[in-house]
Amino acid sequence: MKHTITLIPGDGIGPEIIAATVRTIEATGVEIEWETQIGGAQALEKFGSTLPESLIESITKNKVALKGPMTTPVGKGFTSVNVGLRKALDLYANVRPIKALPNVPCRYPELDLVVMRENTESLYAGLEHVVVPGVVESLKIITEKASTRIAEYAFQYAKDNDRKKATAMHKANIMKLSDGLFLECFYKVAEKYPEIEADDKIIDNACMQLVMRPSQFDIVVMENLYGDIVSDLCAGLIGGLGLAPGANIGEKAATFEAVHGSAPDIAGQGIANPTAIMLSAVMMLRHIKEFESATKMEDAMMEVFKDGEVRTRDLGGAATTADFANAVIDKLK
Ligand code: ATP
C-alpha cells in the first residue's frame with residue numbers, strides 16, 4: 001500500500017536531517033508519496049504566515065506528517081509555530097521515548113523510559129497580558145478534559161507497550177487547584193488500569209530523582225511546561241538532544257518530530273545528528289502499520305551504533321549527516 005504523508009523540512013538543520021531521513025525511509029522499501037509543505041520562518045516570507053492554511057489542510061487530509069523543527073520568528077505577534085500546529089490539529093499527546101543507544105557514551109546506558117507530555121494547555125495556552133505597566137499575568141490553564149485524556153493515553157500506551165508503571169509529575173503541593181486537578185484526573189484514570197502501577201512525584205524532586213536514579217521510572221506523565229523541560233533533561237541522560245525522538249498524537253492526526261529545535265548554530269554545515277528525527281520516522285512507520293520497514297530501519301541504525309565507526313560530531317565523531325544516513329542505508333542492503 002502506498003501512503004501519502006506530509007513532509008515539513010522546517011528551518012535550520014531541518015532540511016538536512018529530513019533529507020537524510022527520507023532517503024533512509026525509502027531504502028527500507030516502504031512506498032510513500034511525500035507532500036512537501038513549508039512552515040515556520042520560511043513560510044512567513046512566502047505566505048505571510050508561519051502556519052499556512054495549506055500545511056494544516058495537508059496534514060488534516062493525510063493524517064500523518066514527518067516534521068523538521070520550525071522556528072518562530074522573534075518579535076511581537078508571533079506565537080510559537082509548533083504550539084500553534086499542535087493546537088490547530090489537537091495533537092494532545094506528546095510521546096517522547098528516552099532510550100539509551102548501544103555504544104553511545106551516556107550517563108545511563110540501560111535507560112528506557114517514556115515522557116508523556118500534555119500538549120495543548122498549561123502556560124502554553126499563551127494567555128498573557130499586561131495588567132498595569134510593570135505587571136504581567138500569564139494564565140495556566142488546566143482542564144479536566146485534557147488532563148483525563150493524557151492520562152488515558154499514558155495508561156493505554158503502558159498497557160499496549162508492556163510498560164509496568166506510570167508516574168505523574170506535578171507541583172500540586174503549591175498549585176493546589178491546577179496541578180491538583182491534573183493529579184486527581186491521573187489517579188481517577190489509574191483506577192481503570194489496576195495492572196499498571198501508578199504513583200506521583202513533585203516535579204522538583206522528580207528532576208533530582210531523574211538525574212540520580214532514573215531507572216525507577218517507566219512512563220512519566222505531566223503537563224505541558226514540565227514536559228518540555230523534563231524531555232530535554234531526559235535527552236541529556238541518554239547522550240544529548242540529537243538522539244531523542246517524539247510523536248504528537250491526536251484523534252485525527254499525528255506528527256512525528258525530534259525533541260530538539262532548529263539548532264541555528266550548526267545549520268547549513270551538514271553536521272547535525274539525524275538520529276532523533278530518524279527514530280521519530282521509525283515511530284511514524286509503526287503508526288502507519290509498516291512494522292517490517294520500521295524494524296528494519298531501527299535495527300540498521302542500532303547496528304551502525306554498535307559498530308561505533310560512523311558518529312556525528314555531537315557524539316565525538318567526524319561523520320556528516322549524510323555519512324550517517326549512508327551507513328544506515330548500507331546496513332539495509
Ligand atoms: P527550541 O527553542 O526550538 O526547542 P533550543 O533553543 O532548545 O530550540 P536546539 O535547536 O534544540 O535549541 O539546540 C540546542 C543545542 O543542541 C544547540 O547547541 C544545537 O546545536 C544542539 N543540537 C540540537 N539538535 C541537534 C542535532 N540534531 N545534532 C547535533 N546537535 C544538535
*Do NZ/NE/NH1/NH2 and the carboxylate oxygens of D90 and K252 come within less than 4.0 Å?*
no
*How far apart are the closest heavy atoms of K176 and N173, and which atoms are they?*
NZ-O, 2.9 Å
*To the nearest 0.5 angstrom, please state how far the NE2 atom of H3 sits from the CE atom of M284.*
8.5 Å
*Taking it one step at a time, do K140 and E121 satisfy salt bridge (charged side-chain N to carboxylate O under 4.0 Å, His left out)?*
CA-CA 8 Å; K140 169 161 167 158; E121 53 183 33; over 6 Å; no
*asked:* Quick check: do D200 and Y187 have side-chain heavy atoms less than 4.5 Å from each other?
replied: yes
*Could you walk me through whether K165 and E195 pass the salt bridge (charged side-chain N to carboxylate O under 4.0 Å, His left out) check?*
CA-CA 9 Å; K165 182 175 155 189; E195 68 279 33; over 6 Å; no
*asked:* Nearest 0.5 Å, please: how far is OG in S147 from CD in E223?
replied: 9.0 Å
*Nearest heavy-atom neighbours spanning D11 and S262*: O-CB, 3.6 Å
*So, N62 versus T4: side-chain donor-acceptor pair below 3.5 Å or not?*
no
*asked:* Is it true that D179 and Y226 share a donor-acceptor pair across their side chains at a distance under 3.5 Å?
replied: yes
*Is there side-chain contact between M302 and L101, with at least one heavy-atom pair below 4.5 Å?*
yes
*Would you check if L85 and I59 make a side-chain contact, meaning some heavy-atom pair closer than 4.5 Å?*
yes
_E16 to A267 - nearest heavy-atom pair and separation_ = OE2-C, 3.6 Å
*State plainly whether the residues D218 and R163 are in salt-bridge range, i.e. N to O under 4.0 Å.*
yes
*asked:* Given 3.5 Å as the limit, does a donor-acceptor pair link the side chain of R117 with the main chain of N224, or not?
replied: yes
*asked:* Counting C-beta onward and ignoring hydrogens, is there a side-chain heavy-atom pair between L113 and L210 closer than 4.5 Å?
replied: yes
*Is atom CE of M208 surrounded by more than 12 heavy atoms (other residues, nucleotides or ligands) closer than 6.0 Å?*
yes
*Measure the OG1-CG distance between T71 and L44 for me, rounded to the nearest 0.5 Å.*
11.5 Å
*Using a cut-off of 6.0 Å, state whether more than 12 heavy atoms not belonging to Q216 lie near its atom CD.*
yes
*Evaluate the side-chain proximity of T167 to I219: yes if any heavy-atom separation is below 4.5 Å, no if none is.*
no
*Using the salt bridge (charged side-chain N to carboxylate O under 4.0 Å, His left out) rule, take D204 and K171 through it: C-alpha gap first, then chi angles, then the decisive distance, then the call.*
CA-CA 8 Å; D204 39 0; K171 193 78 186 174; 2.7 Å; yes
_Inter- and intrachain pairs under ring pair (Phe, Tyr, Trp, His ring centres under 6.0 Å), touching residues 86-136, at least two apart_ = none
*asked:* Using every non-hydrogen atom in the two residues, find where A244 and I98 come nearest and quote the distance to one decimal.
replied: CB-CD1, 4.2 Å
*asked:* Given 3.5 Å as the limit, does a donor-acceptor pair link the side chain of D330 with the main chain of A327, or not?
replied: no
_Donor on one side chain, acceptor on other, E110 and S215, under 3.5 Å_ = no
*Does a donor on one side chain sit under 3.5 Å from an acceptor on the other, for T120 and E118?*
yes
_Are the side chains of E128 and V136 in contact, using a 4.5 Å heavy-atom criterion?_
no
*Show the numbers, then the answer: is there a side chain to side chain contact (heavy atoms under 4.5 Å, CB included) between I249 and L91?*
CA-CA 5 Å; I249 309 280; L91 305 173; over 6 Å; no
_Nearest 0.5 Å, please: how far is NZ in K164 from NZ in K159?_
13.0 Å
*Rounded to the nearest 0.5 Å, how far apart are CD of E144 and CZ of R149?*
13.0 Å
*Are any of the side-chain heavy atoms of L285 and V30 separated by less than 4.5 Å?*
yes
*asked:* Side chains of E35 and S58 only: does a donor on one sit below 3.5 Å from an acceptor on the other?
replied: yes
*For S280 and E257, indicate whether the former's side chain and the latter's backbone hold a donor-acceptor pair under 3.5 Å.*
yes
*Do the side-chain N and O atoms of R23 and N326 include a donor-acceptor pair separated by under 3.5 angstrom?*
yes
*Pair N82, K67: side-chain N/O donor-acceptor within cut-off below 3.5 Å*: yes
_Measuring from atom OG1 of T275 to atom CG of L243, what distance do you get when rounded to the nearest 0.5 angstrom?_
5.5 Å
*Could you tell me whether K192 and E152 have a side-chain N and a carboxylate O separated by less than 4.0 Å?*
yes
_Salt bridge present between R286 and E292 (N-O < 4.0 angstrom)_ = no
*Shortest non-hydrogen separation from F182 to I150 and the atoms involved*: CE1-CG2, 3.9 Å
*For residues A168 and L183, report the shortest heavy-atom separation together with the two atoms involved.*
CB-CD1, 3.8 Å
*Heavy-atom count around K61 NZ within 6.0 Å, excluding the residue itself: above 12?*
yes
*asked:* For a 4.5 angstrom cut-off between non-hydrogen side-chain atoms, does K331 reach V304?
replied: yes
